[in-house]
Each structure stands twice: as C-alpha cells, then as structure tokens.
J.: 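This is the structure I have questions about; it appears just below.
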Number of protein chains: 2
Amino acid sequence: MISNTIEDIKGFLSDNSIKPSIQRVKIYQFLLNNKIHPTADEIYNRLNAELITLSKTTVYNTLHLFVDKGVVQPIHIEGNEVRYDADFSQHAHFKCNGCGMVYDLHLNLNIQNISELKNFEVKDIQVLMSGLCDRCSNINPIH
Amino acid sequence: MISNTIEDIKGFLSDNSIKPSIQRVKIYQFLLNNKIHPTADEIYNRLNAELITLSKTTVYNTLHLFVDKGVVQPIHIEGNEVRYDADFSQHAHFKCNGCGMVYDLHLNLNIQNISELKNFEVKDIQVLMSGLCDRCSNINPIH
DNA sequence: GTATCTGCAAAACATTTGCAATTCT
DNA sequence: AGAATTGCAAATGTTTTGCAGATAC
C-alpha cells in the first residue's frame, strides 16, 4: 500500500520500471484517489483541467503500460468500455442496476470442487455481482 | 433445460413473451447449440449463410430483447465486445491467455462474510478466471 | 389494416494506429 | 543528438439510432 504523494508514486512507478512522467504520475494518483473504476474517458476529462495539453492517446498509452507492468487491472463491467482499478487486494465488484454505482466488496471467496481446473493455471479471478444496493433496494423494494 | 428443436424453442420463446420469428428462433438455437459465448458479429456471420437477408441490426435487436426478457445473459470478458450465453446454470468462465478459448467451469461458489452485503439484493454473480488452460500450460510451462 | 418486426444506411462511441512534435538526459 | 514520450488526426471496430419497407395477425 503506497501513499498518494507525488514522491511515493514516482518511486513506485520507477520500482516497476515505468518512467514517472507528469502524465503517468497524475494518472496513477487519480486511480489511487478515486476508486471509482474510471474509464479512460473519465480519467481524461478529470485530468484535462490540470494537465491542459493532455491527450486521450496518452491516457490510453499510459493505461496500457500500467496493465503491461502489472500495476493496474482492467475490469470489464459493461461491454463497450474498459474500466481500470489500481487496487489488487482480493475484492469483488457489485454493480447496482438502480443507481449504476460500482461498489468494492471485500470478500472471502471459496471455490470448491472444480475438477475441471486440475491442470489449469489460474492467474486471476474476478467476481462481478449485480442487483440493487441498499439505498436503491429501499427506494424501490422488490418483494 | 429445453431441447434444441425448432418446436421447443418456439414454445420456450413464447412462454417468455417473445414472438418466435424465424430470426429469433435461429439465433436462440445457435446459442443453445454453440456454447462458445459468441459475439453479435459471430452470430451474424454464422447465421448469414442460412438466413441470407439477416442484418446485424436484427441480431443486436434480438439479443437485447433476449437479455431484457431474461433468457440470455450478456458476459463481459474483453472490453470492446459483448458475448452472449444462454446457459443459466451456475458456472464460471475461464479465459485462457494462451489460446484465447473461454471455458465453462461448473463450480460451487461460496461467498462468506460479506458484511458489506447485508442490505444488498444480489441478483447475479459472474466469475471470470484467467490464466493458462491445461493444453497451453503444457506447451508453455511457467515454473 | 394496424401493430410489430426487420434491415439498410448513417451516426455514435470507445479504442487503436501512424506519425510528427516535444521532452528528457 | 538520440531515445523515449506525448499528442494530433485519421482509421477501426462495435454498437446504436432513424426510418422505410416487409411481415404477421
């Protein structure tokens, strides 16, 4: 767990063989500070005010680099867009069909009896739940 | 579990308040017979030989209707495309990073101790694993 | 005959690519 | 200067939309 200061992020990126340009540091810092699983477009729009010459190409380049270097995970909740997450702790995502929010849920996952898996090398498990969050199920109870 | 005969599919679609046009029946039958989580494009290309006037718009319209009526699930493995699955039995998907295949894995999933979930209404859980399948991990062992 | 369904063409949207300008050392 | 990075503009690929023609009851 690294802090979100510029200096710490620079060190973290360097440790992962990523040269810490201002764009890269700011994009990584945005992911640390805003755990909302943003799309490339959301990152671009939010950082564009500060980095006024930022281009979407650079956001895409940077996110691809981060994924290649293993410091960010791409997540696929809706089909036509990729979201990004810098949190590698074991957690599931819960998409509320009411308000659209994506929650992080810290869970213990037990996967049992998958005989089919015996010779498979599992590198990553992603769990996506959907339904109604507490707020939306109170507003609009389905009983 | 319905059979993949035209008559059974017609009945099944009607039971779910979907008027069974030839296009809809053939698309649903394709999903039953080809459990490969196809994209709209793959469905279009495979059915176009038989239904020579089929359009991609109709494939999209039909898949959206199927999802709305709850007879087909959209799955999101890669970010730039939606795949479709008519199998509602509890299973996970395993994407092999070697050959690209998506396997169905029939698993028992235990989700424990999610205190954050107490007032959430979970309607759906999707599990996506990735790594190397048995064939690819033998070809290219990482030890 | 009216409502629904289908399908063409164009538009919209996310992402990628080619390449030139910029930056860093 | 040389190598890496950034960013503009155009292209690509998937999905959506508007609307006209076809189909079904």
Side-chain angles (χ1 to χ4, degrees), chain A residues 6 9-10 13-14 16-30 36-69 71-85 100 102, chain B residues 6 9-11 13-14 16-30 37-69 71-84 100:
Chain A
I6 299 292
I9 292 170
K10 276 180 160 178
L13 294 181
S14 297
N16 286 278
S17 58
I18 296 167
K19 288 191 186 168
S21 71
I22 174 75
Q23 291 87 348
R24 290 170 178 178
V25 170
K26 289 290 182 180
I27 290 170
Y28 191 80
Q29 189 182 42
F30 182 83
I36 57 172
H37 326 91
T39 62
D41 195 59
E42 285 166 357
I43 295 169
Y44 170 75
N45 286 315
R46 289 283 299 275
L47 289 182
N48 200 30
E50 192 181 353
L51 299 173
I52 54 172
T53 69
L54 184 65
S55 78
K56 249 184 219 180
T57 305
T58 298
V59 176
Y60 281 109
N61 285 343
T62 301
L63 291 168
H64 291 162
L65 180 67
F66 286 173
V67 171
D68 284 351
K69 298 295 186 184
V71 300
V72 155
Q73 268 190 313
I75 62 180
H76 309 287
I77 291 171
E78 237 74 63
N80 53 339
E81 65 190 15
V82 184
R83 296 183 168 274
Y84 294 91
D85 192 347
V102 176
Chain B
I6 299 291
I9 292 171
K10 276 180 159 178
L13 294 180
S14 297
N16 286 279
S17 57
I18 296 166
K19 287 191 188 169
S21 71
I22 173 77
Q23 291 86 348
R24 291 169 178 178
V25 170
K26 290 288 182 181
I27 290 171
Y28 192 79
Q29 188 183 41
F30 182 82
H37 325 94
T39 62
D41 196 60
E42 285 165 357
I43 295 169
Y44 170 75
N45 286 316
R46 288 284 299 274
L47 289 182
N48 200 29
E50 191 181 353
L51 299 172
I52 54 173
T53 69
L54 184 65
S55 79
K56 251 184 217 179
T57 305
T58 298
V59 176
Y60 280 109
N61 286 343
T62 301
L63 291 168
H64 291 161
L65 180 68
F66 286 174
V67 171
D68 285 350
K69 298 296 186 185
V71 302
V72 154
Q73 268 190 315
I75 62 180
H76 309 287
I77 290 172
E78 238 75 62
N80 54 338
E81 64 189 16
V82 185
R83 297 183 167 275
Y84 294 90

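Worth saying up front: this structure is predicted, and the values here are computed from it rather than measured. To find a chain, count down the sequence lines: A is the first, B the second, and so on, and within it residues start at 1.
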J.: At their closest point, which heavy atom of B/Phe30 faces which heavy atom of B/Pro38, and how far apart are they?
T.: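 Heavy atoms of B/Phe30 and B/Pro38 come nearest at CE2-CG, 3.9 Å.
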J.: When rounded to the nearest 0.5 angstrom, what is the spacing between CD1 in B/Ile22 and CG in B/Leu54?
T.: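 With rounding to 0.5 Å, CD1 (B/Ile22) is 10.5 Å from CG (B/Leu54).
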J.: Just to verify, what does A/Arg24 make a salt bridge (Lys or Arg N to Asp or Glu O under 4.0 Å) with, not counting sequence neighbours?
T.: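 Counting only residues at least two positions away or on another chain, A/Arg24 forms no salt bridge (Lys or Arg N to Asp or Glu O under 4.0 Å).
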J.: What pairs with A/Phe66 under ring pair (Phe, Tyr, Trp, His ring centres under 6.0 Å), at least two apart in sequence or on another chain?
T.: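 Partners of A/Phe66 under the ring pair (Phe, Tyr, Trp, His ring centres under 6.0 Å) test: A/Tyr28.
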J.: Give the minimum heavy-atom separation between A/Pro20 and A/Val25, together with the two atoms involved.
T.: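 Where A/Pro20 meets A/Val25 most closely, the heavy atoms are CB-CG2, 3.8 Å.
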J.: Would you list the pairs meeting salt bridge (charged side-chain N to carboxylate O under 4.0 Å, His left out) in which at least one residue belongs to residues 48-64 of chain A, sequence neighbours left out?
T.: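 Applying salt bridge (charged side-chain N to carboxylate O under 4.0 Å, His left out) to every pair that reaches into residues 48-64 of chain A, excluding sequence neighbours, yields A/Lys26-A/Glu50, A/Asp41-A/Lys56.
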J.: Nearest 0.5 angstrom please: A/Ile36 CD1 to A/Asp85 CG, how far?
T.: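 A/Ile36 atom CD1 to A/Asp85 atom CG measures 11.0 Å (nearest 0.5 Å).
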J.: Checking A/Thr58 now: which residues fulfil side-chain hydrogen bond (donor to acceptor under 3.5 Å, both in side chains) with it, not counting sequence neighbours?
T.: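 A/Thr58 satisfies side-chain hydrogen bond (donor to acceptor under 3.5 Å, both in side chains) with A/Ser55 only.
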J.: Counting only non-hydrogen atoms, which of residues 40-52 of chain B are less than 4.0 Å from DNA chain D?
T.: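 When residues 40-52 of chain B is checked for heavy atoms under 4.0 Å from DNA chain D, there are no hits whatsoever.
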J.: List in numerical order all residues of residues 54-67 of chain B for which some heavy atom is under 4.0 Å away from an atom belonging to DNA chain C.
T.: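 Only B/Leu54, B/Ser55, B/Thr57, B/Thr58, B/Asn61 qualify.
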J.: Sequence neighbours excluded, which residues qualify as side-chain hydrogen bond (donor to acceptor under 3.5 Å, both in side chains) partners of A/Gln29?
T.: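 Partners of A/Gln29 by the side-chain hydrogen bond (donor to acceptor under 3.5 Å, both in side chains) criterion come out as none, since no residue qualifies.
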J.: Let me confirm one number: the NE2-CD distance from A/His37 to A/Glu81, rounded to the nearest 0.5 Å.
T.: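 Atom-to-atom, A/His37:NE2 and A/Glu81:CD are 12.5 Å apart.
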J.: For a 4.0 angstrom threshold against heavy atoms of chain A, report the outermost contacting nucleotides of DNA chain D in 5' to 3' order.
T.: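 It runs D/dA4 to D/dA9.
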J.: With sequence neighbours excluded, what pairs up with A/His76 under the side-chain hydrogen bond (donor to acceptor under 3.5 Å, both in side chains) test?
T.: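 Not a single residue meets the side-chain hydrogen bond (donor to acceptor under 3.5 Å, both in side chains) criterion with A/His76.
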J.: For a 4.0 angstrom threshold against heavy atoms of chain B, report the outermost contacting nucleotides of DNA chain C in 5' to 3' order.
T.: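 So the outermost contacting nucleotides come out as C/dT4 to C/dA9.
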J.: Reckon B/Thr53 touches a base, only the sugar-phosphate, or nothing at all at heavy-atom distances under 4.0 Å?
T.: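 Since only primed, P, OP1 and OP2 atoms lie under 4.0 Å of B/Thr53, the category is sugar-phosphate.
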J.: Quick one, B/Thr62 and B/Ile43 - any side-chain contact, counting heavy atoms below 4.5 Å?
T.: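 Counting from C-beta outward, B/Thr62 and B/Ile43 never come under 4.5 Å.
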J.: List in numerical order all residues of residues 18-28 of chain B for which some heavy atom is under 4.0 Å away from an atom belonging to DNA chain D.
T.: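 None, since no heavy atom is under 4.0 Å.
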J.: Using side-chain hydrogen bond (donor to acceptor under 3.5 Å, both in side chains) as the criterion, list what pairs up with A/Thr39, not counting sequence neighbours.
T.: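 A/Thr39 satisfies side-chain hydrogen bond (donor to acceptor under 3.5 Å, both in side chains) with no residue once adjacent residues are dropped.
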J.: If every non-hydrogen atom of B/Val59 is compared with every non-hydrogen atom of B/Ile27, which pair is closest and at what distance?
T.: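 Closest approach of B/Val59 to B/Ile27, heavy atoms only: CA-CD1, 4.0 Å.
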J.: How long is the span from the CG atom in B/Asp68 to the OG atom in B/Ser17, to the nearest 0.5 Å?
T.: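 Rounded to the nearest 0.5 Å, the CG-OG separation comes out at 10.5 Å.
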